[in-house]
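Remarks on the structure that follows.
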Amino acid sequence: MKIRHDITVTLGGIISLGLLLTFGLALWPVTIRVDHDWLKPLALLVASALYLGGVGLLFRFLHRVTPRTSKWLAWGLWGIFLLVQVWVATTWVAAPRADLYFVHQQALNLLDGSHHWNAYFYTYPNNVNFTLLLSGILQLGRWLVGSESGVWLNVVQFAWLDLGLLAIWHQLRRHNPARANLFMVLIMTAVPFYAYALNTYSDTAVIPLALLAIAAFRHLQRATTWEQITVRSIVLSLLLVAAYLIKANFIVLLIAAVITLWVRPNQSPHPGFTRSLLTLVLLATLVVGGGLAKKTARANGYVTDPNQALPAMSWVAMSWNPATYGQYHLDNVAQIRQQPTQATKQATAKADLTTYLHEMGPSGIANHLFKKTRLFLANGTFDSFQINRAYDRAPNWYRQHRATSDWFLAIWCQLSYLALLLVNLGWGIQQIRRYHLTSAYLLGGLFFIGLACFHVIFWEAEERYALPIFFLLIAGTAAGYRQPLNILRYSERSSWLPLGMALAFTGILGLAAWQNTNLMVHSNSEPVSVVSQSEGHYYQNHHLRLNTRQSLTQPFTAPLPFDQFTIGTGKRLTGQLTLTNAQGKVVWQSRGKTTTFDQTIPLQAPGTYRLTVTNRGSHTIALQTAPATYPLLPQAIQHHPHEYLSFEVKQRSVAPVLSNGKFWLLFGAMWLSGLLVIDRFYWYRRRI
């Protein structure tokens with residue numbers, strides 16, 4: 001028993017160290033995958049402290065309301081939350097791109113009775129199970145609402161995420177309704193939740209399974225009869241294996257669940273029976289589930305091809321390319337794909353890994369591990385602003401001001417991330433001091449450490465893979481928030497403390513504002529994306545060929561004014577580009593015998609247009625296109641009903657990251673919020 005206790009506390013210490021490291025990294029977010037400048041660390045720290053102060057005041061209020069008021073408040077919060085979700089789901093519809101394009105198109109093919117699989121799935125078999133699941137969801141949409149995409153998918157994804165959140169909310173409410181309501185407020189203001197609910201991919205599908213598994217684990221810990229133990233072991237095993245089959249990195253959640261079960265006590269009269277039964281049921285479910293998944297895939301026409309698939313070693317080697325931060329690298333993948341057999345792919349990947357490690361040496365390896373850790377853990381956006389690059393539907397105000405909107409939202413993500421990390425760190429240290437860790441904290445913490453080790457040491461590292469950590473941090477903050485009572489007690493003896501805190505806060509915030517004045521001067525030349533159809537660049541190399549004097553016309557609708565467009569990669573051609581409006585009038589035409597596919601034109605008003613490419617040369621030209629049986633754009637290429645040109649229409653935008661007004665509005669709001677938090681913490685002294 002003592003050994004288990006010592007192991008538990010040791011693991012708690014490792015989790016706390018991991019949270020402390022993550023907090024330090026989050027003060028310096030990486031910029032390689034974002035198109036804006038972050039606030040300086042001091043400003044982020046001050047803003048996160050304000051966020052934390054707001055959480056404290058909110059928790060005081062929620063803890064003081066009567067049980068009856070708390071119940072009505074819970075219903076009100078859920079009602080507002082659902083209304084916000086409906087608004088987001090019907091206002092924004094993301095355009096499937098890259099992996100999502102292949103998954104979505106294949107699911108539609110299966111739905112229409114075609115069992116031919118795109119070659120993409122032989123290279124990336126990890127997406128087969130999710131594609132089969134998506135096909136079933138699309139079929140359900142056809143039956144229920146007569147639609148299989150767009151808003152329907154958004155509604156399904158929000159509802160599925162809500163199911164996982166409801167499980168955690170219910171667990172919190174059993175112990176403390178105020179903490180359940182705090183959880184609701186935190187999740188309502190969580191930007192990554194909404195971003196990923198609009199993203200039809202495995203990330204969205206697997207998160208609720210993890211949350212349900214954590215809730216099921218707690219139920220299993222409380223089981224006292226063999227019937228309860230058996231049923232709950234089966235339910236937990238199904239949830240864990242389902243998560244693993246959809247996203248393989250969730251193998252670490254299975255391992256974390258088994259470790260937590262074996263080191264933490266449970267309420268069964270025979271604890272060993274619970275531990276042994278779950279372990280056996282989990283192994284059996286893993287074997288049976290894997291077999292059923294393969295059988296279902298074969299029944300739908302998919303048969304694995306080891307000579308086309310990327311071996312595991314290729315992912316490991318790619319993540320150790322010193323030229324990157326450990327993220328996905330298309331050149332590495334292309335090199336492996338060119339090898340004809342599984343053996344040569346494996347040998348090439350192993351040779352690449354050996355070369356990388358030899359070139360880096362011990363110091364280079366340490367530096368590369370640090371870079372991968374930063375990429376994986378430093379950004380509280382969790383890639384929210386890159387996963388959905390284009391939208392089939394979005395408000396015009398958001399399209400026009402997306403750069404500024406995303407900047408403010410990203411800053412909000414980062415400061416909330418810092419605050420959540422700090423609360424969970426404090427909760428963990430408090431539990432270690434008491435020499436007692438809750439099972440939920442240990443399970444979530446081991447999952448966090450396991451996921452970080454999996455991606456930082458072995459696999460590809462990208463922000464989105466860390467998304468489960470975000471939901472765990474919110475749940476941990478709601479469950480473990482404690483008030484800083486020592487400060488409050490001292491404030492009762494010193495009337496000068498609030499004034500001193502206010503003056504110190506003003507000085508620190510003034511320094512932070514001075515450090516960030518470059519935001520008002522540094523020009524951000526990121527153009528506004530008006531229309532984007534970027535398929536044709538990733539994995540596939542599909543083209544439409546134009547012979548001499550042949551033309552291709554792509555209709556499009558521009559919701560905003562525009563003055564730039566790029567076709568494909570923007571190369572030169574011997575030919576002519578013509579832009580006509582809805583009335584058939586030519587509003588712009590290229591001059592000369594040769595032209596580029598990257599053009600700046602006079603500013604055009606919003607409306608419907610047709611972009612025509614005409615081959616004036618003596619050689620055939622190839623234009624990048626994407627085949628699809630669903631609308632990648634409102635209209636396909638004329639005379640090619642299921643073909644879409646790869647192009648982007650933009651509006652030039654050269655301006656500072658923030659205008660003077662927005663900059664001082666931001667820091668002015670922080671100053672007033674800080675004074676309010678200090679004032680309320682001083683006068684609102686009653687303890688909970």
dist Asn379:CG -> Cys413:SG (nearest 0.5 Å) comes out at 10.0 Å

Does any part of the side chain of Ser532, heavy atoms only, come nearer than 4.5 Å to the side chain of Glu648, both counted from C-beta? yes

Check: Between Asp203 and Lys247, is the closest basic N to carboxylate O distance under 4.0 Å?
Finding: yes

Could you check whether Phe470 and Phe382 have their ring centres less than 6.0 Å apart?
yes

- Answer yes if the ring centres of Trp407 and Trp412 are under 6.0 angstrom apart, and no otherwise. no

**Full working for side-chain contact (heavy atoms from CB on, under 4.5 Å) between Lys650 and Val530** = CA-CA 5 Å; Lys650 296 170 285 189; Val530 179; 5.5 Å; no

**Message:** I'd like to know whether the aromatic ring centres of Phe454 and Trp459 sit less than 6.0 Å apart in this structure.
**Reply:** yes

Closest heavy-atom pair, Pro631 versus Tyr644, reported as atoms and distance to 0.1 Å, is CA-OH, 3.3 Å

*asked:* Quick check against the 3.5 Å criterion: does Gln327 have a side-chain atom that pairs as donor or acceptor with the backbone of Ala461?
replied: no

- prompt: Mind checking whether His455 and Tyr465 have parallel, tilted or perpendicular rings, split at 30° and 60°?
  reply: parallel

Between Tyr122 and the options Phe102, Tyr302, Trp117, the ring-ring contact (aromatic ring centres under 6.0 Å, His included) test singles out Tyr302

Value for CG (Leu645) from CD (Gln638), rounded to nearest 0.5 Å, stands at 12.0 Å

For the residue pair Tyr609 and Phe556, categorise the inter-ring angle as parallel (less than 30°), tilted (30 to 60°) or perpendicular (more than 60°). parallel

- Which word best sums up how the rings of Trp588 and Phe565 line up, parallel for under 30°, tilted for 30 to 60°, or perpendicular for over 60°? perpendicular

The reported gap from NE2 in His543 to CD in Gln624 (rounded to nearest 0.5 angstrom) is 4.5 Å

- prompt: Which class fits the ring pair Tyr120 and Tyr124: parallel under 30°, tilted 30 to 60°, perpendicular over 60°?
  reply: tilted

CG (Leu100) and CG (Asn199) are apart, to the nearest 0.5 Å, by 5.0 Å

(message) I want to check a possible cation-pi pair here: Arg402 against Phe385, using under 6.0 Å from ring centre and within 45° of the ring axis as the test.
(response) no

All heavy atoms of Ala466 vs all of Phe376, minimum pair found to be CB-O, 3.4 Å

*Flag yes if more than 12 heavy atoms outside Tyr398 fall under 6.0 Å of its OH atom; otherwise flag no.*
yes

Interatomic distance, CG@Leu245 vs CG@Asn126, rounded to 0.5 Å, equals 12.5 Å

